[in-house]
Amino acid sequence: MQKQPTLVSEADLRHPVSLKAFRRVKALVGAYLALSVLTLAVIALLRDDAAVVNSAVWVRGTLVVASALLTCAFAARTARGSRGAYRRLRIVSGVMVIAIVAIIALPGMFPLWMKTEQAVCGLLLLGVVMVVNGRHLRSLFAAR
């Protein structure tokens, strides 16, 4: 049994449709990271206001920054042709969208401002989900 190659060919990666998809994913993931870091900074600044920042906000804010960093790493490695990173990017972005929907839907734990920020993060990640699950990238990263 022959082992599947882990990288996509340079020619496929440089295809105009591939380049456009990678640019979109990197822009969306970069915006997700920037918003997440900004949110964590706001959490730190408002830490003394218990009505605005509670322990759930701290935990969620920290986890979101960590997931955004991972997502950025996966996006960068995907653009370099890594099938494993592509698979992880698809999984992480999809799981995070589901987690964000749950956070927005659950009453009480998070203040409205955090739910609003998470909704924006969810929209950014939904864009990632749509691009990475699109026909072109799925076929590009399919095992051959």
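Positions are given from 1 along the sequence.
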Could you pull out all residues at least two apart from [X] that satisfy side-chain contact (heavy atoms from CB on, under 4.5 Å)?
{"X": "Lys20", "result": "Arg23, Arg24"}
{"X": "Thr116", "result": "Leu112"}
{"X": "Val95", "result": "Ile91"}
{"X": "Ala31", "result": "Leu124"}

Restricting to pairs with a member in residues 40-50, which pass side chain to side chain donor-acceptor pair (under 3.5 Å), not counting sequence neighbours?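 Matches after skipping sequence neighbours: none remain.
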Residue pairs involving residues 95-106 (criterion side chain to side chain donor-acceptor pair (under 3.5 Å); sequence neighbours excluded):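 The answer is none; no pair qualifies.
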Applying salt bridge (charged side-chain N to carboxylate O under 4.0 Å, His left out), can you list everything that pairs with Arg14, at least two apart in sequence or on another chain?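 Listed in chain order: Glu10.
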With a 3.5 Å distance limit and no angle check, can you tell me whether [X] reaches the backbone of [Y] through a side-chain donor-acceptor pair?
{"X": "Arg77", "Y": "Ala85", "answer": "no"}
{"X": "Asn54", "Y": "Ala50", "answer": "no"}
{"X": "Lys26", "Y": "Ala79", "answer": "no"}
{"X": "Ser82", "Y": "Thr78", "answer": "no"}

Same cluster (ILVMFWY, side-chain, under 4.5 Å), Leu70 and Met96: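 They do share one cluster, since a chain of ILVMFWY contacts under 4.5 Å joins Leu70 to Met96.
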Side-chain cluster (under 4.5 Å, hydrophobic types only) that [X] belongs to, other residues:
{"X": "Leu46", "value": "Leu33, Val37, Leu40, Val42, Ile43, Val52, Val53, Val57, Trp58, Val65, Leu69, Ile103, Met109, Phe110, Trp113, Met114"}
{"X": "Val59", "value": "Leu63"}
{"X": "Leu19", "value": "none"}

Any ring pair (Phe, Tyr, Trp, His ring centres under 6.0 Å) pairs touching residues 7-38, not counting sequence neighbours?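 Every ring pair (Phe, Tyr, Trp, His ring centres under 6.0 Å) pair that includes a residue of residues 7-38, provided the two are not neighbours, is His15-His136.
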Name all pairs fulfilling the ring pair (Phe, Tyr, Trp, His ring centres under 6.0 Å) condition that reach into residues 65-108, sequence neighbours left out, sorted by first residue then second.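 Every pair satisfying ring pair (Phe, Tyr, Trp, His ring centres under 6.0 Å) with a residue in residues 65-108: Tyr86-Phe141.
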